[in-house]
Amino acid sequence: MRTATLGPAQRAEALARMAERELDILVVGGGVVGAGTALDAATRGLDTGLVEARDWASGTSSRSSKLIHGGLRYLEMLDFALVREALKERGLLLERLAPHLVKPVPFLYPLTHKGWERWYAGSGVALYDGMSISSGHGRGLPVHRHLSHKRALRVAPCLKKDALVGALQYYDAQMDDARFVMNLVRTAAAYGADAANRARVVGFLREGERVVGARVQDVEAGGEYEVRARQVVNATGVWTDDTQALIGERGQFHVRASKGIHLVVPKDRIHSTTGLILRTEKSVLFVIPWGRHWIVGTTDTDWDLDKAHPAASSADIDYLLEHVNSVLATPLTRDDVEGVYAGLRPLLAGESDATSKLSREHTVAHPVPGVVVVAGGKYTTYRVMAKDAVDEAVHGLDQRVAECVTEDTPLVGAEGYRARWNARAHTAARTGLHVVRVEHLLNRYGSLADEVFELVVADPALGEPLAAADDYLRAEVVYACTHEGARHLDDVLTRRTRISIETFDRGTRSARECAELMAPVLGWDADQIDREVQHYEKRVEAERESQRQPDDLTADAARLGAPDIVPL
């Protein structure tokens, strides 16, 4: 399989090609479901296009808990089918589809009652493990174990001694959600899909009652394209209703947004060798290992304000700190928080008043001829959602189309990953990089790390770490633009890397260095570099100000104080 790049030239070519012919499938929305749908369609041999109004994964799909999991709490809701489906997908991703991106992660569940709770929770976790193994793709993770009070504190010394009487430890998996989506897009492009970010659908083309394509605005270069397609798939998540409104049709269902916020704190603030899962009065709270950091989250509250930039309020932050501090021997304070991010879950409306009780099941509908809508679901089951969406679209194509093959289609970077991992010491010697750095790159790029290493060999200065964010090499910033579709500074600092949430300065100290590395690839002059840096600094200040506000309304108003990215 050829390796697709998503550089500036490829983006322009993709837009032009989409406008030249009638596609079989046009997918609107570049989150995990849209990218997965484009990959599913392309690997069935369908002529496929994918457009995204902002950056890949810029909405919900870059702001999750970064877990690939079965959803242990859904067992308690007796939603066995959803858990079974998600556990199968977790196993496929770990073993076959994306072993370079999806990694096992342990969680400790503290028990607070003697006797009955160990039996009750232990039965649930045993069922979870059993369902995983029975899926045929669950043998790559250790099974759960029961821990005594003393053993639990040895594994997680951060816990208050009186916060538990014992514990259970089990395994799930995690990934960098934004990088995962970008790899999905690259894989779809490698199989022939045309993909363009910063390409906004502003209207739909109709012939009578049938939708036959979309009007797509190039947000970067200006201009508008008519992209004709035999079927359009609306995979716009929390924007589903807005996209349907452009067609002039009410949807068969509505999507409701639930806000979840997460805090990022340094690794040394919580002394533990395992992640934690804690029960709250509304849902569950995770403390998730994340490189040299921890992610603490999440909240689950209704949100009906700005969808593009959901804001975390002071009350949200206090809620998470209060709940995690209830079990920590050394409590976290505001000063410990490096990063905060907020995201919106797309939930199918009308099932429950409480968003934490809304189903993560997904729905696919064909509301008008020529349009398929897919909504709901959870990140882990994106592939199943994509398959169902394409299956529905195929009904409108009036031709024989191959069955879904994504269960056996690894993402770019997966092929050869394990061999390169075994040879990491040789790679370190060849490139002059430390072996720990090589490991870090392999777990971000898989076998595509070879392309990053080539940049370093050609220009050793790119092998140096960023001055104010030394987890990342200068080469990674260049590569984000040449191969991964980054168009703006925000794309690099927020999604291609995670500097925006992994540093106390939120990436402002790295902004100019990164912009100057991006400039030659993207054709920026000195004025554009200044605009990019200033925009990013304003965005960070607006987010900081929103996090000082007492509630959603005031936080939203503060966050909207920063303008959106100005086109080149």
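Note that the structure is predicted; figures quoted are calculated from it, not measured.
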* Can Gln231 and Asp24 be said to form a side chain to side chain donor-acceptor pair (under 3.5 Å), step by step? -> CA-CA 6 Å; Gln231 291 286 309; Asp24 292 321; over 6 Å; no
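With Ser546 contributing its side chain and Ala558 its backbone, the two residues share no donor-acceptor pair below 3.5 Å. Under a 3.5 Å cut-off, the side chain of Arg54 and the backbone N or O of Ala308 do form a donor-acceptor pair. Side-chain atoms of Lys378 come within 3.5 Å of backbone N or O of His69 as a donor-acceptor pair. Using modelled atom types, no side-chain atom of Ser132 and backbone atom of Tyr128 make a donor-acceptor pair closer than 3.5 Å. Judged purely by atom type and a 3.5 angstrom limit, Tyr341 uses its side chain to pair as donor or acceptor with the backbone of Ser64. A distance-only check finds no donor-acceptor pair linking the side chain of Arg179 to the backbone of Tyr445 [under 3.5 Å].
Ring orientation note: the planes of Tyr379 and Tyr382 are nearly perpendicular, at an angle over 60° on the 30°/60° scale.
In the displayed structure, Asp525 atom CG is contacted under 6.0 Å by more than 12 heavy atoms of other residues, nucleotides or ligands. At most 12 non-hydrogen atoms from other residues, nucleotides or ligands lie less than 6.0 angstrom from CD of Glu403.
Screening Gln534, His535, Gln528 for a side chain to side chain donor-acceptor pair (under 3.5 Å) involving Glu532 leaves a single residue, Gln528.
Interatomic distance, Lys259 NZ to Thr298 OG1, rounded to the nearest 0.5 Å: 9.5 Å. Atom CD of residue Gln217 and atom CZ of residue Arg200 lie 7.0 Å apart, to the nearest 0.5 angstrom. In this structure, the separation between CG on Leu92 and CG on Leu97 is 5.0 Å, given to the nearest 0.5 Å. A distance of 7.0 Å separates CG of Asp194 from CG of Asp47, quoted to the nearest 0.5 Å. A distance of 5.0 Å separates CZ of Arg498 from CG of Asp177, quoted to the nearest 0.5 Å. Here the straight-line distance linking atom CD1 of Ile499 with atom CD of Glu476 works out to 8.5 Å at 0.5 Å rounding.
For the residue pair Ser65 / His262, a side-chain donor-acceptor distance below 3.5 Å is found, with atom types taken as modelled. Side chain to side chain, Tyr417 and Asn443 meet the donor-acceptor criterion of an N or O pair below 3.5 Å.
The salt bridge (Lys or Arg N to Asp or Glu O under 4.0 Å) test applied to Arg559 returns Glu543, not counting sequence neighbours.
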